[in-house]
Amino acid sequence: MKYQIEQLIAAALATLPPDILPADVPRPAIEIERTRDPAHGDFACNIALRLAKAAGRNPRQLAQAIVDTLSVSELVDKVEIAGPGFINFHLSPRAYSLELSRILDLAEAYGYGQRGAGERIVVEFVSANPTGPLHVGHGRQAALGDALAALLATQGHEVHREFYYNDAGVQINNLALSVQARARGLRPGDPEWPKDAYHGEYIQDIAEDFLARRTVHALDGEPVKATGKVDDLEAIRKFAVTYLRNEQDIDLQKFGVRFDVYYLESSLYTEGKVDETVAALVASGKTYEADGALWLRTTEYGDDKDRVMRKSDGTYTYFVPDVAYHVTKWRRGFRKAINVQGSDHHGTIARVRAGLQALGIGIPPGYPDYVLHKMVRVMRGGEEVKISKRAGSYVTLRDLVDWVGRDAVRFFLVSRKPDAEFTFDIDLALSQSEENPVYYVQYAHARICSVFRQLREKGLDYDRAMGEAHVARLTEPHEKALIRRLTYYPELLENAARALEPHQLAHYLRDLAGDFHTYYNAHTFIVEDAALRNARLTLVSAARQVIANALKLLGVSAPEQM
RNA sequence: GCGGCCGUAGCUCAGUUGGAUAGAGUACCUGGCUUCGAACCAGGUGGUCGCAGGUUCGAAUCCUGCCGGCCGCGCCA
């Protein structure tokens with residue numbers, strides 16, 4: 001609908017005589033906005049305000065000239081000039097009727113666009129190291145990343161959800177040593193307890209299963225059977241990593257998040273991609289040796305200092321496989337890559353991009369994109385619970401989902417801007433779980449389903465054709481407000497996808513549910529007048545559809561009864 | 001010190017990529033179930049959009065400076 005209004009304005013501008021709008025006046029992009037106040041109609045255009053100065057005319061006068069040349073459309077009832085020179089469009093009942101029909105016809109696909117058709121995007125998120133259970137920060141990332149991926153898919157993008165495992169390096173070695181220590185019966189604090197070892201209870205669990213020669217397996221790999229041989233550190237490492245990956249798989253499955261690809265850092269080494277990348281960087285001439293290490297001149301690409309690639313002990317720093325990994329994204333055909341990460345990692349952005357630039361293989365400077373989110377602080381009993389794997393005392397995602405339910409956690413974690421800090425008060429979530437906003441939205445959905453159940457109990461049927469034919473009967477302000485909100489949905493998806501802001505979806509749902517509840521309380525749907533009754537049922541049926549669609553994008557259920 | 005992000009009602013947060021009178025929830029006060037589900041609705045109280053300049057028809061939004069908070073600044077990831 002917005003697009004059609006835009007076309008009307010564009011056509012009018014093109015036919016304006018030069019004495020009103022000289023041909024040499026630069027034309028800004030036409031912006032069509034939703035009005036904030038229903039009295040201003042449905043859409044507003046500020047083009048006259050933006051052209052006024054260059055055209056040497058006052059905005060209202062110019063707006064009048066534009067309105068005079070607008071062609072007639074069945075979608076538009078009335079066009080007005082208001083305020084300093086806005087052109088306001090009031091849509092016709094016909095326009096509303098057509099859009100409600102579209103919602104019911106397209107059903108699950110309503111709101112989808114084709115802006116991203118053919119473009120492959122990889123969204124990387126969670127990417128937790130397999131050194132411990134997922135914590136609530138990972139939960140925020142999972143909720144954000146999954147909703148973002150779903151949002152991009154609505155715009156026609158071919159989206160891949162990807163999880164990158166840092167299953168190589170120092171931390172994994174620490175993990176193996178920790179499990180080994182536990183398997184030998186050591187405890188934290190013992191003289192022989194390894195430095196920097198993980199203390200969490202889960203280490204003990206892994207050690208016990210390793211000694212019991214249990215078999216574990218991760219979603220994408222072969223089962224691994226524990227040897228039970230305490231001196232075989234490599235066997236312990238393999239078992240522990242698979243064990244923890246499986247634990248994370250379980251958590252994510254419970255959270256309703258799936259990935260298309262699990263990418264293992266270790267595979268970058270075994271497949272030679274790390275060596276390949278290092279060789280290419282050396283060949284590029286952007287590296288140098290100093291202090292026994294190999295450095296990359298990342299400062300040439302905006303980093304604030306050069307970075308070590310190969311340490312003096314011969315091993316690589318983490319950012320080398322990171323660069324190699326992003327090369328694979330590019331080579332796998334993803335011309336756009338979005339990484340959802342904690343903002344505490346923002347320092348890595350410059351060096352990864354620098355590495356990709358130094359390779360000179362045509363990757364654009366802004367590749368990959370990042371959505372950074374602030375950490376989640378957890379409060380319990382009025383005190384902050386420290387999030388630390390090494391300390392082993394932190395709230396896991398699994399705990400949270402068990403306590404307040406998957407729907408509430410997902411909705412809650414995605415409902416605010418990623419770059420704002422998030423305080424998750426466990427006591428509050430527990431004690432007021434029924435006041436969580438997610439129930440407000442789900443209740444609207446269940447209530448609509450209930451209306452149709454009531455209809456059947458009264459021996460009536462919903463006649464959609466009759467309803468669509470009488471949408472013009474929906475003249476109450478509450479009805480128009482609900483229709484306006486529903487027809488905004490496609491624009492919302494487009495805006496939220498472009499801005500990479502899934503939280504817009506949560507706020508929209510809250511508003512939409514509010515519009516419905518208000519309407520529900522103000523008017524009875526199941527009335528004697530069949531034409532009006534079916535028109536109203538058409539409206540709430542469309543509302544149910546859009547609520548269900550939006551909830552699905554967030555990974556939240558849309559119950560028919562509560 | 002340098003860099004990134006944030007600062008909006010008592011509290012938690014929105015603000016449609018610069019628009020019209022800054023909005024929700026919560027808390028507090030008042031009212032609404034003989035009715036399609038009260039897990040709901042209606043009304044009220046509540047603001048120097050951190051501070052000060054600048055840009056323009058127009059600023060919570062963009063620029064500069066300052067104040068305050070979080071994070072990062074390793075041959076850790």
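The sequence lines fix the lettering, A, B, ..., with proteins before strands; numbering per chain opens at 1. In what follows, every heavy atom counts, from backbone to side chain, and hydrogens, waters and symmetry copies are set aside.
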Quick one: side chain to side chain donor-acceptor pair (under 3.5 Å) partners of Asp419(A), sequence neighbours excluded?
-> none
Nearest-Å distance once atom C1' is located in both G18(B) and U56(B) | 10 Å
Have a look at Ala496(A) and say if it touches a base, only the backbone sugar-phosphate, or nothing, with a 4.0 Å heavy-atom cut-off.
-> nothing
Sorted by number, residues from residues 509-520 of chain A placing a heavy atom under 4.0 Å from RNA chain B are Arg510(A), His517(A), Thr518(A), Tyr520(A)
Those residues at least two apart in sequence (or on a different chain) that pass side chain to side chain contact (heavy atoms under 4.5 Å, CB included) with Glu501(A) are Ala499(A), His503(A), Gln504(A)
Have a look at Ala522(A) and say if it touches a base, only the backbone sugar-phosphate, or nothing, with a 4.0 Å heavy-atom cut-off.
-> nothing
Assess whether one donor atom and one acceptor atom, taken from the side chain of Tyr318(A) and the base of A77(B), lie less than 3.5 Å apart.
-> yes
For Asp344(A), which contact category applies under a 4.0 Å heavy-atom criterion: base, sugar-phosphate, or nothing?
-> sugar-phosphate
Side chain His346(A) and base G3(B) donor-acceptor under 3.5 Å = yes
Pick base, sugar-phosphate or nothing for Glu491(A), based on heavy-atom distances below 4.0 Å to the nucleic acid.
-> nothing
B/S/- along nucleotides 7-15 of chain B (protein heavy atoms under 4.0 Å) is -----SSSS
Which part of the nucleic acid, if any, lies within contact of Ser343(A), taking any heavy atom under 4.0 Å across all strands shown: a base, the sugar-phosphate backbone alone, or nothing?
-> sugar-phosphate
When the distance from NE2 of His445(A) to P of A39(B) is rounded to whole Å, what number comes out?
-> 18 Å
Assign each of Cys45(A) and Lys458(A) the nucleotide of RNA chain B bearing its closest heavy atom; nearer the 5' end lies the nucleotide of Cys45(A)
Looking across every strand, which nucleic acid part, if any, lies under 4.0 Å from Ala293(A) by heavy atom: base, sugar-phosphate, or nothing?
-> base
Just checking Asp291(A): base, sugar-phosphate only, or nothing, at a heavy-atom cut-off of under 4.0 Å?
-> base
Determine whether the side chains of Asn129(A) and Thr131(A) contain a donor N or O and an acceptor N or O closer than 3.5 Å.
-> no
Taking the six-membered ring for Trp, does Tyr443(A) stack with G37(B) (centroid gap under 5.5 Å, planes within less than 30°)?
-> no
A77(B) base to Asn174(A) side chain: any donor-acceptor pair below 3.5 Å?
-> no
With Thr287(A) via side chain to side chain contact (heavy atoms under 4.5 Å, CB included) - residues at least two apart = Leu281(A), Val282(A), Leu294(A), Leu296(A), Met309(A)
Using the P atom as the reference point in each nucleotide, state the distance between G53(B) and G44(B) in Å, no decimals.
-> 34 Å
Under 4.0 angstrom, heavy atoms only, what part of the nucleic acid is Phe319(A) near: base, sugar-phosphate, or nothing?
-> nothing
Quick one: side chain to side chain donor-acceptor pair (under 3.5 Å) partners of Asn534(A), sequence neighbours excluded?
-> none
Is_stacked (His345(A), G72(B)) at 5.5 Å, 30 deg = no
Look at all strands and tell whether Asp167(A) reaches a base, only sugar-phosphate, or nothing, counting heavy atoms closer than 4.0 Å.
-> nothing
Mind calculating the distance between CZ (Phe86(A)) and P (G18(B)) to the nearest angstrom?
-> 14 Å
Side-chain donor/acceptor contact of Asn46(A) with base of G19(B) under 3.5 Å | yes
